[in-house]
Amino acid sequence: MTPSDPSLKSKLLAALRAALHAQLDALTSMVGASRDEATNAESRPENKYDTRALEASYLAAGQGERLADLKQLVAWLDALDDRPATTARLGSFVTVDDGEAEVWMLLAPQGGHELEHGGARVQLVGTASPLGQALVGAEPGDTVTFDAPSGERELDVIGVA
């Protein structure tokens with residue numbers, strides 16, 4: 001896949017939507033099971049050292065937060081159009097060369113998700129992250145520099161879609 005493929009953004013968005021909807025369905029089921037476990041009579045403490053119910057409620061709360069975040073991301077992605085961009089912005093696919101391979105990134109409200117599609121690896125990169133901040137406004141041919149946990153890194157921007 002190349003940045004110049006006109007249908008590439010549509011294909012990648014469709015694949016991301018399908019993957020995140022599947023994650024949303026799975027997480028919704030897990031949250032329901034966690035809440036059932038936390039409120040089940042079997043989870044009541046048998047003595048003052050029994051923390052099963054407390055642990056189950058922490059798990060349910062954490063998964064509930066993840067579910068809310070994922071719902072927001074899915075809603076944003078569902079509303080995103082596939083108009084091409086020439087400058088990297090929220091909703092743009094940016095192709096970079098990290099020195100080892102080409103990597104596709106979607107600038108999104110939140111990052112942390114990844115997808116393999118048609119030989120391309122697509123990462124969602126939050127625009128608030130150091131990498132996302134460095135990429136916003138970049139154009140093909142630019143080199144962006146950002147602070148990574150391993151130190152300062154440079155990426156060459158190959159394309160924006």
*Asks:* Are Leu27 and Leu59 grouped together when hydrophobic residues (ILVMFWY) are joined by side-chain heavy atoms under 4.5 angstrom apart?
*Replies:* no

*Asks:* For the atom pair OG1 (Thr127) and CG (Leu107), what is the distance rounded to the nearest 0.5 Å?
*Replies:* 7.0 Å

*Asks:* Could you pull out the closest heavy-atom pair between Met30 and Gln63, with the gap in Å?
*Replies:* O-OE1, 3.4 Å

*Asks:* For the atom pair CD1 (Ile158) and CG (Asp97), what is the distance rounded to the nearest 0.5 Å?
*Replies:* 4.5 Å

*Asks:* Indicate the atoms forming the closest heavy-atom contact of Phe146 with Pro130, along with that distance.
*Replies:* CB-O, 3.7 Å

*Asks:* What are the two closest heavy atoms between Leu20 and His113, and how far apart are they?
*Replies:* CD2-ND1, 3.7 Å

*Asks:* Quick one: does Gln23's side chain get under 4.5 Å of Val74's, heavy atoms only?
*Replies:* no

*Asks:* Mind checking what makes salt bridge (Lys or Arg N to Asp or Glu O under 4.0 Å) contact with Asp25, not counting sequence neighbours?
*Replies:* none

*Asks:* To the nearest 0.5 Å, tell me how far Met105 CE sits from Asp98 CG.
*Replies:* 7.0 Å

*Asks:* Are Leu135 and Val103 linked, directly or through other ILVMFWY residues, by side chains that come within less than 4.5 angstrom of each other?
*Replies:* yes

*Asks:* How far apart are the closest heavy atoms of Leu90 and Ala108, and which atoms are they?
*Replies:* CD1-C, 3.4 Å

*Asks:* Do Asp78 and Arg17 have side-chain heavy atoms sitting under 4.5 Å apart?
*Replies:* yes

*Asks:* Tell me, which pairs form a side-chain hydrogen bond (donor to acceptor under 3.5 Å, both in side chains) where one or both residues lie in residues 137-148, sequence neighbours left out?
*Replies:* Thr87-Glu139, Thr143-Asp156

*Asks:* Determine the minimum heavy-atom distance between Ala134 and Ala138, stating which atoms define it.
*Replies:* O-CB, 4.5 Å

*Asks:* Nearest 0.5 Å, please: how far is CG in Leu13 from CG in Leu106?
*Replies:* 6.5 Å

*Asks:* Measure the spacing between CG of Leu70 and NE2 of His21 and express it to the nearest 0.5 Å.
*Replies:* 9.0 Å

*Asks:* Do Leu24 and Thr28 come close enough that some side-chain heavy atom pair is under 4.5 Å?
*Replies:* yes

*Asks:* Which heavy atom in Ala88 sits nearest to a heavy atom in Val160, and how many Å separate them?
*Replies:* N-CG1, 3.7 Å

*Asks:* Would you give the length of the straight line joining atom CG of Leu124 to atom CH2 of Trp104, rounded to the nearest 0.5 angstrom?
*Replies:* 14.0 Å

*Asks:* Do the side chains of Val125 and Val94 get nearer than 4.5 Å, heavy atoms only?
*Replies:* no

*Asks:* Please step through side chain to side chain contact (heavy atoms under 4.5 Å, CB included) for the pair Val96 and Val144, ending with a clear verdict.
*Replies:* CA-CA 9 Å; Val96 299; Val144 297; 5.6 Å; no

